[in-house]
Amino acid sequence: MKNQVLALLLVVSEVVIASPTAEEYPHWKECFPSGTFSAEQDRCSKLQQVDEFIDQHANQNKGAVFDFDGTLYNEGIDLKEEHGTELNGKQVKVVGQPAWHRWAANHWHEYPKLDLFPLYRTKGNNHLEALINVDNYLEGKSNSKTGKVTGYHKFRQIGTLEAGMTPENMAEAVKLYLDNYSPEDYAFKPVLDIMQNMINNKFKVWIITGSNPYFVSVVLDRIEQLDTTGYFNFGDLSVTPHQPSSKNGKTINSRIVGNAAKVYNGKFTAVWDDRYLPRNKYKELYAVMKEGKRLVIRDYIEPYDNTDIIACVGNSGGDFEMMDYVLNKPDSKGIFINPRGRLKKLEDNPNTATFSMSRNLDPEQRMFNSINSLHQQFLDAEKDFSLTIPESWKDIEFKHIVGCGMGGSSLHYQVFNSTSLSEQKIVIANDYNIPKYVDLKQALVIGSSFSGGTEETISCFKQAIDGRAKTIAITGKEKGELAKIASDNNIPILYLGLGDIEPRVAIGKYFTYLVKILHKLGLSKMFDVNAVADNLKQQDLFPETQQLAPKMIGSTVMIYSGKSFSSTARIAKTIINENGKHPSFQSELPEANHNEIEGYINADGKYTLIFFDNPKNDHPKIRERFEKTVISVKKHSQADIINYIYQPTGNLYIERVFNALLWSHYLGYNLAIISDVKPKEVDIIKCFKEQLKGNDC
């Protein structure tokens with residue numbers, strides 16, 4: 001008997017103290033550093049509390065309610081269009097549901113289905129202005145021109161925005177909007193893990209939100225589709241809601257409660273959907289926010305489900321009433337996400353757990369803005385270039401041009417060698433030594449180091465000085481070692497002046513400076529700076545790479561090209577390595593077809609084969625090899641193979657090169673963000689450098 005009791009106690013104890021698993025919480029990677037759970041971080045210890053609560057109440061017909069905007073959905077999402085983000089001359093952050101309304105108005109002419117929005121049927125077809133006026137008022141950014149109105153009428157107006165559309169029409173419009181963003185932009189996946197775990201443990205989960213249930217259901221459905229872990233299955237939460245026009249308020253096939261017009265004869269009406277909206281003692285309807293959320297739980301959800309709501313998840317003062325109601329129950333749990341407003345008053349409640357869900361993978365979007373402004377680097381370099389070269393150098397017939405540099409400070413040499421700007425190629429010294437065949441007395445040596453302290457570059461530069469070569473320094477640091485060496489030896493120095501641009505994305509400025517130096521010495525033709533800048537400015541490559549990146553997660557990336565794009569492909573692979581945090585390799589066709597592809601026979605895991613298509617410079621048969629390479633590999637390999645062909649645009653070869661590099665930067669950026677890592681950080685490289693110094697890392 002004692003053994004039976006002991007066994008029972010052990011089982012009960014195990015249920016209570018069982019740690020979260022990576023399978024249950026796949027988007028909490030920091031809590032599973034070695035595959036097993038660690039509660040060292042504050043967020044992780046709080047997750048453990050939440051998980052214990054879920055385990056304790058599993059399979060007991062208990063309920064949980066979630067807010068949507070700001071809790072499950074990142075209402076800090078920015079529109080990727082400048083138009084429509086100003087109010088009274090000031091920039092306004094457009095967030096949440098209004099963001100997709102404005103996106104729709106901006107793209108109204110591109111998608112005929114968007115013409116179904118009644119709000120867009122305005123005099124003069126000034127759809128965007130009409131929508132901005134309504135949304136600025138509804139979101140509390142401006143006062144109504146019609147005078148004071150009640151909260152009910154304010155939110156009733158949201159229900160009229162889609163009046164006359166069918167749910168299918170609106171779902172299609174929302175999907176078009178979501179196509180422009182990665183789920184990492186709009187989904188708080190760690191919170192969704194908590195919700196999914198509650199669903200899996202038979203909690204009656206509801207979403208109560210000020211948003212339209214149709215908007216919410218489409219977002220959840222999209223998250224399910226694009227989740228690479230295959231974890232999310234929201235069940236009846238994500239089905240398109242059915243809004244009955246009958247008086248039977250309990251007819252339901254969705255657990256999303258929100259503000260929307262009723263559906264009558266298959267279309268939205270201008271009549272408020274009052275199914276969930278309780279009346280106060282004056283018989284007035286409450287909107288589903290603030291006190292309305294509490295009343296919906298108490299008067300509708302709990303009686304309907306015959307359940308007790310014991311968990312609530314929210315982020316703002318609008319959730320305060322439902323939080324307060326739930327937390328006054330014994331053995332309940334409140335989960336706060338970036339709490340603000342009145343919700344902060346409840347943070348000290350012992351039954352709460354507070355999480356920060358702001359993904360700050362790219363602080364101030366510095367990396368993204370650096371990539372996005374690549375075109376401007378060419379124009380800035382044209383304007384900023386200032387270098388005095390001794391007149392006597394212009395008469396020298398240089399036997400060699402040597403470029404010393406590592407990483408991002410050597411890429412411009414590779415691009416130059418791929419062009420026809422000069423018959424004389426640059427000897428790239430990305431090592432401690434300049435090749436011995438170089439006659440330094442007849443050489444021009446350019447040393448590039450943004451930091452000014454790259455040890456390999458410093459070593460080469462000193463060799464050039466000792467060998468009496470003509471030398472020029474390009475650096476970003478006036479007080480760096482490279483600048484000091486150049487200054488001490490009266491060597492011309494060119495400062496990059498990148499401002500907020502990340503050095504590893506500075507290839508536009510580096511390249512333009514390099515060509516202008518060589519052109520000044522008569523060693524190179526000058527390229528059309530404005531043409532390259534204009535070509536890049538016209539590109540909209542981010543959405544394409546945003547769609548491709550999720551399919552590539554966890555794969556080894558192989559980049560193939562013909563000989564004309566070999567240098568470009570090599571740079572692209574370094575971008576995927578350094579920014580995208582994925583192993584990446586590069587090869588030329590047709591050579592790889594004679595040896596390398598045989599290696600896929602024993603390949604295991606996942607591979608992405610990217611082909612750079614440059615038909616204006618490659619032999620016609622190169623393109624034919626793309627498809628046949630994929631077919632051959634897939635037929636004889638057990639590896640998971642996906643493939644993608646990218647053809648850069650541009651009339652000039654150099655335009656196509658930088659077009660491909662811009663595409664590669666966007667792809668690397670999206671790979672990092674969707675992998676939940678910071679594209680700027682280089683942890684392994686930093687560790688390696690510490691190892692070289694004899695330090696641990």
Side-chain angles (χ1 to χ4, degrees), residues 12 15-16 24 49-68 71-72 191-211 213 216-217 220 232-244 248-259 273-279 286-315 318-337 343 346 349-353:
V12 172
V15 170
V16 175
E24 293 174 308
Q49 296 171 24
V50 171
D51 185 62
E52 288 175 359
F53 175 84
I54 294 172
D55 289 344
Q56 181 183 350
H57 298 284
N59 306 305
Q60 294 179 23
N61 194 41
K62 298 297 184 181
V65 292
F66 285 73
D67 172 53
F68 182 70
T71 300
L72 301 173
V191 197
L192 289 162
D193 281 354
I194 293 173
M195 186 173 79
Q196 184 66 62
N197 202 22
M198 287 184 172
I199 293 171
N200 294 345
N201 282 279
K202 308 303 180 187
F203 275 71
K204 297 290 185 67
V205 173
W206 288 74
I207 293 175
I208 308 181
T209 174
S211 292
V216 177
S217 65
L220 292 178
F232 293 134
N233 178 13
F234 302 123
D236 58 2
L237 266 173
S238 59
V239 298
T240 301
H242 171 62
Q243 305 287 359
N248 178 6
K250 293 187 178 180
T251 301
I252 186 171
N253 69 343
S254 172
R255 293 180 177 272
I256 306 171
V257 179
N259 296 310
D273 178 12
D274 58 5
R275 174 165 47 129
Y276 306 110
L277 305 185
R279 298 177 185 272
Y286 284 99
V288 183
M289 64 173 296
K290 297 183 179 176
E291 188 177 0
K293 289 189 175 182
R294 173 176 61 83
L295 295 173
V296 167
I297 295 172
R298 188 194 71 187
D299 297 344
Y300 182 81
I301 292 178
E302 288 182 329
Y304 173 81
D305 253 348
N306 190 27
T307 189
D308 187 21
I309 299 292
I310 61 169
C312 49
V313 189
N315 73 306
D319 302 318
F320 178 85
E321 295 289 346
M322 78 168 183
M323 290 284 191
D324 194 40
Y325 171 72
V326 173
L327 291 175
N328 276 320
K329 298 180 179 185
D331 199 17
S332 58
K333 195 75 174 176
I335 301 171
F336 300 168
I337 311 302
L343 204 57
L346 299 176
N349 187 302
N351 295 331
T352 65

T71 side-chain N/O to F68 backbone N/O, donor-acceptor pair under 3.5 Å | no

Could you tell me whether a side-chain N or O of T307 sits under 3.5 Å from a main-chain N or O of N61, the two making a donor and an acceptor?
-> yes

Out of V313, N315, N349, L346, which one pairs with F336 under the side chain to side chain contact (heavy atoms under 4.5 Å, CB included) rule?
-> L346

Of all heavy-atom pairs linking Q49 and T352, the shortest is OE1-O, 4.4 Å

Minimum heavy-atom distance M323-G334, with the two atoms named = SD-CA, 4.5 Å

Q56 and D331: side chain donor to acceptor below 3.5 Å | yes

Give a yes or no answer on whether the side chain of S332 reaches the backbone of V326 with a donor-acceptor pair at less than 3.5 Å.
-> yes

Would you say the side chain of Y325 lies within less than 4.5 Å of the side chain of F320, judging by non-hydrogen atoms?
-> no

Side chains of V65 and I207: does their closest heavy-atom pair fall under 4.5 Å?
-> no

With E321, which of K293, R294, R298 fulfils salt bridge (charged side-chain N to carboxylate O under 4.0 Å, His left out)?
-> R294

Interatomic distance, I194 atom CD1 to F66 atom CZ [nearest 0.5 angstrom] = 7.0 Å

All heavy atoms of I54 vs all of F203, minimum pair found to be O-CE1, 3.7 Å

Crowded around N306 CG? As in, over 12 foreign heavy atoms under 6.0 Å?
-> no

Show your working on side chain to side chain contact (heavy atoms under 4.5 Å, CB included) between V205 and F234 and close with a plain yes or no.
-> CA-CA 10 Å; V205 173; F234 302 123; over 6 Å; no

With sequence neighbours left out, write down each residue that passes salt bridge (Lys or Arg N to Asp or Glu O under 4.0 Å) with K62, or none if nothing qualifies.
-> none

Please state whether the rings of H57 and F53 are parallel, tilted or perpendicular, taking 30° and 60° as the class boundaries.
-> tilted

Answer whether the closest heavy-atom distance between the side chains of L72 and T209 falls below 4.5 Å.
-> no

If every non-hydrogen atom of D319 is compared with every non-hydrogen atom of G314, which pair is closest and at what distance?
-> OD2-CA, 3.4 Å

G258 and P213: which non-hydrogen atoms are nearest, and at how many Å?
-> N-CG, 3.7 Å

Donor-acceptor contact below 3.5 Å, side chain Q196 vs main chain N233 | yes

Would you name the heavy atoms of L237 and R255 that are closest together and state the gap between them?
-> CD2-O, 3.8 Å

Are the side chain of N197 and the backbone of D193 linked by a donor-acceptor contact shorter than 3.5 Å?
-> no

Check whether any side-chain heavy atom of K333 sits under 4.5 Å from a side-chain heavy atom of I310, and report yes or no.
-> no

